[in-house]
Amino acid sequence: MTGPADILEFENVTLAGVARGYIEMRGLTFKLAPGRLMLIKVEAGNEYLPIADAAEGLIAMKSGHIRWQSNPWKSISPKAEMNARAQIGRVFEKNSWISNLNVNENVTLSQRHHTTRPEADISAEADQLARYFGLTEVPRQRPAFAAKRELRVAEWVRALIGKPLLLLLERPEEGVPDNNLPKLIEAVRDTLRRGAAAIWQTDREMTLNASICSNQIRYRMRGADMLLMEDKQP
């Protein structure tokens, strides 16, 4: 019998530095099956990686192939693209808030737009996740008036809401002390156990040294190359 299909596959992919501050990445080849975690060590203050944008099919490649559930992104219809991206949870490297929406409206926007779930259920799940991470609820004010830590935790909630199939975490620890990270690690661990996959970019040793799941692999960046590190297993 064959195992479950890969959620995401990169085959010899080279990505240009799509905008100022982004670095080129070359020769990316990997598969993410359900339950698979890829950790990428990045250096604090270094340029951003375009791998998350590429994983969502948002940018063009210089070369190679990227497949979502065995289908090349470029062959997927617009409606199927929307459905696929609704299954991707992401913590963004850069600011990702819509300034004229409250934080809770930002957090629930994708679920309200891409699913038929009742809004009350979506909001209840968001607040439940927020309480798990130590907030009383998802903030109800504009992003400009929320505390930096609250905004980061709200990004965790937005990434995890709705049982995503793929997590893209771009330095999600930014602005949060290490003593808050075990809750995030455990939430990601539960998501992987459920059958999701994840790419986690980090410059925190606590994350890099954590045994998050039995199917994790670690890389580090050297220039445009992503180099394999020694696996850490639980």
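Just the heavy atoms: all of them, side chains too, but no hydrogens, waters or symmetry mates, feed the values below.
Judged as a ring pair (Phe, Tyr, Trp, His ring centres under 6.0 Å), the pairs with a partner in residues 49-92 (not counting sequence neighbours) are, in order, Trp68-Trp73. Pairs engaging residues 64-75 under the salt bridge (Lys or Arg N to Asp or Glu O under 4.0 Å) rule: Glu9-Arg67, Glu11-Arg67 [sequence neighbours left out]. Residues in residues 153-182 take part in these ring pair (Phe, Tyr, Trp, His ring centres under 6.0 Å) pairs, two or more places apart or across chains: Phe133-Trp156.
Not a single donor-acceptor pair under 3.5 Å links the side chain of Ser123 to the backbone N or O of Ala120. No donor-acceptor pair under 3.5 Å is formed between the side chain of Asn106 and the backbone N or O of Trp97.
Looking at residues two or more places apart in sequence or on another chain, you find no side chain to side chain donor-acceptor pair (under 3.5 Å) involving Gln69. For Thr115, the side chain to side chain contact (heavy atoms under 4.5 Å, CB included) test picks out Gln111, Arg117, Ile122, with sequence neighbours left out. Taking the side chain to side chain contact (heavy atoms under 4.5 Å, CB included) definition, one finds that Ala54 meets it with Phe10, Leu15, Ile59, Ile66, sequence neighbours left out. By the side chain to side chain donor-acceptor pair (under 3.5 Å) test, Asp121 pairs with no residue at all, sequence neighbours left out. Arg140 is linked by a side chain to side chain contact (heavy atoms under 4.5 Å, CB included) to Asn104, Asp127, Glu137, Val138, counting only residues two or more places apart in sequence or in another chain. With sequence neighbours left out, Gln201 forms a side chain to side chain donor-acceptor pair (under 3.5 Å) with no residue at all. Applying the ring pair (Phe, Tyr, Trp, His ring centres under 6.0 Å) rule to Trp200 yields no partners; only residues at least two apart in sequence or on another chain are considered. Residues forming a side chain to side chain contact (heavy atoms under 4.5 Å, CB included) with Glu119 (at least two apart in sequence, or on another chain): Arg112.
Residues Arg158 and Ile161 come closest through the heavy atom pair O-CG2, 3.3 Å. Residues Cys213 and Leu37 come closest through the heavy atom pair SG-CB, 3.8 Å. In terms of heavy atoms, Val157 sits closest to Ala126 at CG1-O, 3.5 Å. For the residue pair Pro172 and Arg152, the shortest heavy atom distance occurs at O-CD, 3.1 Å. Considering every non-hydrogen atom in both Ile51 and Ile40, the closest pair reads CD1-CD1, 4.0 Å. Heavy-atom minimum distance, Pro34 versus Ala5: CD-O, 3.3 Å.
In this structure, Glu155 and Leu151 have side chains that are not in contact, with every pair of non-hydrogen atoms separated by 4.5 Å or more. Between Ile199 and Leu8, the closest side-chain pair of non-hydrogen atoms falls below 4.5 Å. Residues Tyr132 and Lys183 meet the side-chain proximity criterion, which asks for heavy atoms closer than 4.5 Å. Considering only heavy atoms from C-beta on, Met25 comes within 4.5 Å of Leu28 through its side chain. Side-chain contact check for Val103 versus Phe145: every heavy-atom pair is 4.5 Å or farther apart. The shortest side-chain heavy-atom distance between Arg90 and Leu167 does not fall under the 4.5 Å cut-off. A heavy-atom distance below 4.5 Å is not found between the side chains of Thr202 and Val42. Within the 4.5 Å cutoff, no side-chain heavy atoms of Arg131 are placed close to those of Thr136.
Rounding to the nearest 0.5 angstrom, the gap separating the CG atom in Leu208 from the CZ atom in Arg220 is 12.0 Å. Between Thr207 atom OG1 and Asn209 atom CG the span is 9.0 Å, to the nearest 0.5 Å. Annotation: the span from Arg218 atom CZ to Leu228 atom CG amounts to 9.0 Å, rounded to 0.5 Å. In this structure, CD on Glu170 lies 5.5 Å from CD on Glu93, to the nearest 0.5 angstrom. Note that CG of Leu168 and CE of Met38 are 11.0 Å apart. Values are rounded to the nearest 0.5 Å.
Residues Glu24 and Thr14 bring no donor and acceptor atom of their side chains to less than 3.5 Å of each other. Side-chain atoms of Asn100 and Arg142 form no donor-acceptor pair, as typed in the model, at a separation below 3.5 Å.
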- [ ] For His114 and Arg85, run side chain to side chain contact (heavy atoms under 4.5 Å, CB included): C-alpha distance rounded to whole Å, both residues' side-chain angles, the deciding distance at 0.1 Å, then the answer.
- [x] CA-CA 9 Å; His114 292 299; Arg85 291 184 184 128; 5.6 Å; no

TODO: Would you sort out whether Lys79 and Asn83 count as a side chain to side chain contact (heavy atoms under 4.5 Å, CB included), showing the intermediate values?
DONE: CA-CA 6 Å; Lys79 182 177 181 180; Asn83 291 336; 4.1 Å; yes

Open item on the list: Between Asp203 and Arg171, is the side chain to side chain contact (heavy atoms under 4.5 Å, CB included) condition met? List the steps.
Closed with: CA-CA 7 Å; Asp203 55 20; Arg171 301 191 222 214; 3.4 Å; yes

Task: Residues Val13, Lys62; criterion side chain to side chain contact (heavy atoms under 4.5 Å, CB included); working and verdict - done: CA-CA 7 Å; Val13 170; Lys62 290 179 71 174; over 6 Å; no

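Linking ILVMFWY side-chain heavy atoms closer than 4.5 Å, directly or via other members, places Leu101 and Leu135 in two distinct hydrophobic clusters. There is a path of hydrophobic side-chain contacts, each under 4.5 Å, that joins Met206 to Val91.
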Acceptor/donor pairs from residues 188-198 side chains to any protein atom, 3.5 angstrom cut, sequence neighbours excluded:
unit_1, atom_1, unit_2, atom_2, d
Arg189, NE, Ile212, O, 2.8
Arg189, NH1, Glu186, OE1, 2.5
Arg189, NH2, Ser211, O, 2.9
Asp190, OD1, Arg193, NH1, 2.8
Thr191, OG1, Ala187, O, 2.9
Arg193, NH1, Glu186, OE2, 3.4
Arg194, NH2, Pro164, O, 2.9

